[in-house]
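Have a look at the structure below before the remarks.
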Amino acid sequence: MKQWSIAVAAVTLVGALAAATETKSFEKKLSNDEKIQHALSRLTFGARPGDAGAVQRVGLEKWIDAQLHPESVPESGVASERLGRLTTLSLTSREAVQKFQVGQAKQKNGPQVLIRELTEAKLTRAIYSERQLEELLVDFWFNHFNVSVTKGAVRFLVTSYERDAIRPHVWGKFRDLLGATAAHPAMLFYLDNWQNSSPDARRLLKVKQAAGINENYARELMELHTLGVDNGYTQEDIGEVARCFTGWTILQPRLGGEFLFNPRTHDQKEKTVLGVKIPANGGQRDGEQVLDILARRPETAHFISLKLAQRFVADEPPAALVDRMAKKFRETDGDIRAVVQAMIASPEFFSEGARNAKVKSPLEFVVSAVRNTGIDAPVLRLGQKLVELGQPLYRKVEPTGYSTMAEEWINSSGLLARMNFAAELKHPQAGSPEFQRR
Amino acid sequence: MNRRLFLKHSAVAMFGFGATPLWLQRAAFAADAPRKKVLIAIFQRGAVDGLNVVVPHGDRNYAALRPNIAVKDSLDLNGFFGLHPALAPLKPIYDAKQLAIVHAVGSPDPTRSHFDAQDYMESGTPGRKTISDGWLNRALPSPPKPSPVRAVSMGTSLARALRGSNAAVALQTVDGFEVRDPAYEAMYAATVDKVMGGAGKETFEAVKLMESIRKRPYTAKYPNTPLGQSLLQIARLIKADVGLEVAFADMGGWDTHANEPAQLQNLLTQFGAALAAFHADMQDRIDDVCVVTMSEFGRTAKENGARGTDHGHANAMFAFGGGVKGGEVYGEWPGLAPDQLYQQRDLAMTTDFRDVLGELVTHQVAGASVSRIFPGYGAPKFRGLVA
């Protein structure tokens with residue numbers, strides 16, 4: 001009997017999928033019911049029982065508008081209550097080191113407690129928060145500006161990073177988000193900029209520890225955070241940007257210290273970045289000026305728009321859509337809310353070509369399965385499952401973050417783990433081919 | 001019981017006479033065919049510092065470029081190069097003329113982006129982003145009844161190098177490769193979602209084959225590291241003779257921008273121990289099994305300000321087994337003097353990585369053709385790595 005109902009469910013979805021996978025029409029409009037289903041699959045972590053009816057009652061446009069202005073959405077009691085129990089979420093990095101650094105006086109548990117609570121918080125919000133689009137954006141931007149707890153001191157810094165550098169800026173100006181990540185100790189440590197210093201520093205100051213250019217951050221800043229790979233910059237630009245960021249370091253990096261600009265290790269000479277002269281003796285302003293330049297380049301507007309469209313619309317989004325978003329980005333000086341709004345308001349967003357076109361990442365799969373059943377799943381177990389599924393949270397080693405593309409996630413190992421997860425959840429439909437799409 | 005009999009008997013046990021499914025016919029077919037040669041590609045993600053792995057201690061510029069991180073106690077190979085001491089387990093294999101090294105090898109594309117360079121090295125088409133399949137997938141011929149586990153990628157995702165038109169399986173462990181609800185097979189067979197349906201079909205065929213392998217105990221010892229365990233799984237598949245032809249494994253963490261000596265010591269210890277364990281385990285069939293290692297690019301010749309190195313250009317590759325003539329460091333040495341460095345900063349490239357892979361793959365995979373595997377690569381110059 002169980003198998004029959006699964007087979008029937010699979011067959012009823014067949015028609016829609018055939019259209020989505022074969023015709024890919026971004027011009028073909030959706031019916032009202034389809035629009036609601038689609039909005040729930042793209043602008044939330046997956047529909048819960050009753051969500052479609054609720055959106056219908058409020059009206060789709062009003063619901064979208066509320067998601068775009070989450071401060072107007074009352075937060076769920078379950079989410080608030082459970083997050084309240086996670087005491088490490090409000091710690092400063094210094095407090096985190098004092099409490100959890102092995103060998104510290106106040107230490108009872110190791111730093112894994114910090115990551116456990118972060119994982120619990122992320123999954124709790126993803127499953128229960130009423131501000132779903134905000135949580136999707138926090139996930140998107142953290143992943144865009146990825147740092148990994150697998151690298152040294154980052155494990156003590158990432159709680160603050162998500163809370164202080166990412167979360168407050170996901171609806172704001174891109175430049176502010178970029179600036180917050182650039183100066184956060186987690187990023188400074190993860191991409192080694194805290195050690196990036198003028199080659200003259202050793203000779204002049206006898207600072208042995210810090211004595212040379214480290215171009216790791218400079219490169220990823222342009223390749224991954226702003227312009228996009230091979231998009232209008234050269235190796236010379238990378239070297240010049242690295243010079244601009246010399247002296248951007250961390251006060252007491254092993255103690256969870258704050259951002260520090262150290263003029264003694266900064267290269268004070270003139271630089272040229274993407275053809276723009278940055279005069280000598282600019283100090284900390286050099287780095288800020290680089291961020292200004294990069295945030296306002298048209299390549300950045302396009303790259304960020306493309307990445308958002310790849311997450312929210314399709315692996316290969318229509319060029320017209322991306323161009324429209326990029327134009328909005330430029331017109332609003334990188335206002336993220338305006339760009340997201342423009343994306344959702346575009347005809348391509350609610351189109352046959354977009355519907356069911358995306359394959360869920362493991363995080364999206366696990367959370368949507370739980371939301372779909374409406375059951376109360378133990379979130380820490382879900383965190384473990386994500387390791388098996390290939391997406392351990394906060395542990396993506398590479399600065400690229402996790403891919404949102406289908407080719408990354410459709411494979412035998414992943415499919416098996418998904419089917420077995422669904423069986424364990426006693427929700428076999430979640431293992432079906434159709435459920436893997438959103 | 002010989003292998004072919006085992007497969008036939010297990011078919012009978014599971015399905016009864018007259019109902020031998022296609023996958024088992026394939027496996028039986030594979031068992032009748034001559035034992036397969038296997039090519040194993042290992043990717044060191046993050047760009048390993050080849051200059052501190054196969055150390056050019058005979059180049060007078062080496063030590064001066066790296067006052068804080070030069071390897072001073074390398075294990076001498078030929079009076080000019082030495083192995084990093086953490087790779088001591090590989091030294092006897094080199095001395096036995098089984099392990100070959102190619103130095104100053106790399107990609108002609110100038111990119112220093114991990115993302116791009118890995119992509120190019122896995123697609124096998126430097127500078128061309130439009131090629132969606134990988135070189136290792138294109139290396140496979142298309143026989144009428146391929147084994148469902150002829151191409152295996154270790155880990156939770158299918159490596160770029162193995163994506164393409166030939167079926168390939170992503171695998172974490174043989175033991176864990178099972179499906180707990182039998183209803184799914186029909187569900188995936190019935191879907192009109194071609195992408196999901198295709199992935200499902202490959203998966204279920206491989207699941208059944210893994211079941212037969214799981215029943216046989218495997219006792220060889222491997223280090224309990226990610227690469228060690230990946231090679232253990234590959235070894236199980238090889239020894240089960242289920243038609244494995246190519247396998248891919250990777251190991252991350254090589255992006256040593258800071259504090260390189262300690263990191264490299266740790267990483268190379270893992271790397272060398274895993275390779276040596278695999279080599280020892282494969283002694284009875286070392287001529288059939290070939291291992292080749294690669295990394296997206298090398299690192300700056302000069303150390304940076306954090307006892308590390310930044311992104312560079314050419315690198316070193318290892319190969320053993322499969323008729324490889326070892327005990328030699330192949331390739332011309334370009335030198336480390338300022339005017340000899342690529343863009344005045346990195347080891348220059350004198351061998352294209354496709355020359356190495358092309359030579360090994362054509363020797364190892366029957367019917368492989370270099371022009372198909374590396375489209376647009378006109379005239380490969382093989383280094384004479386294989387006998």
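Inspection of the Asp192(A) and His257(B) side chains reveals no N or O donor paired with an N or O acceptor under 3.5 Å. Residues Ser412(A) and Glu202(B) bring no donor and acceptor atom of their side chains to less than 3.5 Å of each other.
Annotation: side chain of Tyr184(B) is in contact with side chain of Pro428(A) (closest heavy-atom distance under 4.5 Å). Put simply, the side chain of Asn411(A) reaches to within 4.5 Å of the side chain of Ser157(B), judged on heavy atoms. At a threshold of 4.5 Å between non-hydrogen side-chain atoms, the residues Leu416(A) and Glu178(B) do not count as touching. Side chains of His114(B) and Val229(A) form no contact here, defined as non-hydrogen atoms less than 4.5 Å apart. In this structure the side chain of Leu389(A) never reaches within 4.5 angstrom of the side chain of Thr156(B), judged on heavy atoms. At a threshold of 4.5 Å between non-hydrogen side-chain atoms, the residues Thr191(B) and Glu434(A) count as touching. A heavy-atom distance below 4.5 Å is not found between the side chains of Arg219(A) and Asp310(B). At a threshold of 4.5 Å between non-hydrogen side-chain atoms, the residues Phe115(B) and Glu398(A) do not count as touching.
With respect to chain B, the highest number of heavy-atom pairs below 4.5 Å among Val359(A), Asn214(A), Ile410(A) belongs to Asn214(A). Interface remark: of the candidates Gln235(A), Lys151(A), Glu223(A), Gln235(A) forms the most heavy-atom pairs closer than 4.5 Å to chain B. Counting heavy-atom pairs under 4.5 Å between each of Leu191(A), Val397(A), Asn216(A), Leu415(A) and chain B puts Asn216(A) at the top. Taking chain A as the reference chain and counting heavy-atom pairs below 4.5 Å, the highest number among Ala258(B), Ala199(B), Ser113(B) is found for Ser113(B).
Leu171(B) touches chain A through its backbone: at least one of N, CA, C or O sits under 4.5 Å from a heavy atom, while the side chain does not. Interface residue Thr111(B): only side-chain heavy atoms are found under 4.5 Å from chain A. Both the backbone and the side chain of Glu407(A) come within less than 4.5 Å of a heavy atom of chain B.
Within a 6.0 Å sphere centred on NZ of Lys385(A), heavy atoms belonging to other residues, nucleotides or ligands number more than 12. No more than 12 heavy atoms of other residues, nucleotides or ligands sit less than 6.0 Å from atom CD of Gln384(A). Heavy-atom neighbours of Glu316(A) CD from other residues, nucleotides or ligands within 6.0 Å: at or below the threshold of 12. By the neighbour-count criterion of 12 heavy atoms within 6.0 Å, atom CZ of Arg45(B) is densely surrounded, having more than that number from other residues, nucleotides or ligands.
Taking all atoms of both residues into account, the shortest heavy-atom contact from Gln172(B) to Glu388(A) is NE2-O, 3.0 Å.
Salt-bridge check for Arg163(B) with Glu408(A): passed, with a basic side-chain N closer than 4.0 Å to an acidic carboxylate O.
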*salt bridge (Lys or Arg N to Asp or Glu O under 4.0 Å) between Arg345(B) and Glu215(A), intermediate numbers included*: CA-CA 13 Å; Arg345(B) 57 176 260 160; Glu215(A) 61 189 33; 3.0 Å; yes
*Output, in order, the C-alpha distance, side-chain angles, deciding distance and verdict of salt bridge (Lys or Arg N to Asp or Glu O under 4.0 Å) for Glu424(A) and Arg180(B).*
CA-CA 9 Å; Glu424(A) 214 177 301; Arg180(B) 287 178 211 138; 3.5 Å; yes
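With values rounded to the nearest 0.5 angstrom, Gln343(B) atom CD is found 7.5 Å from Glu236(A) atom CD.
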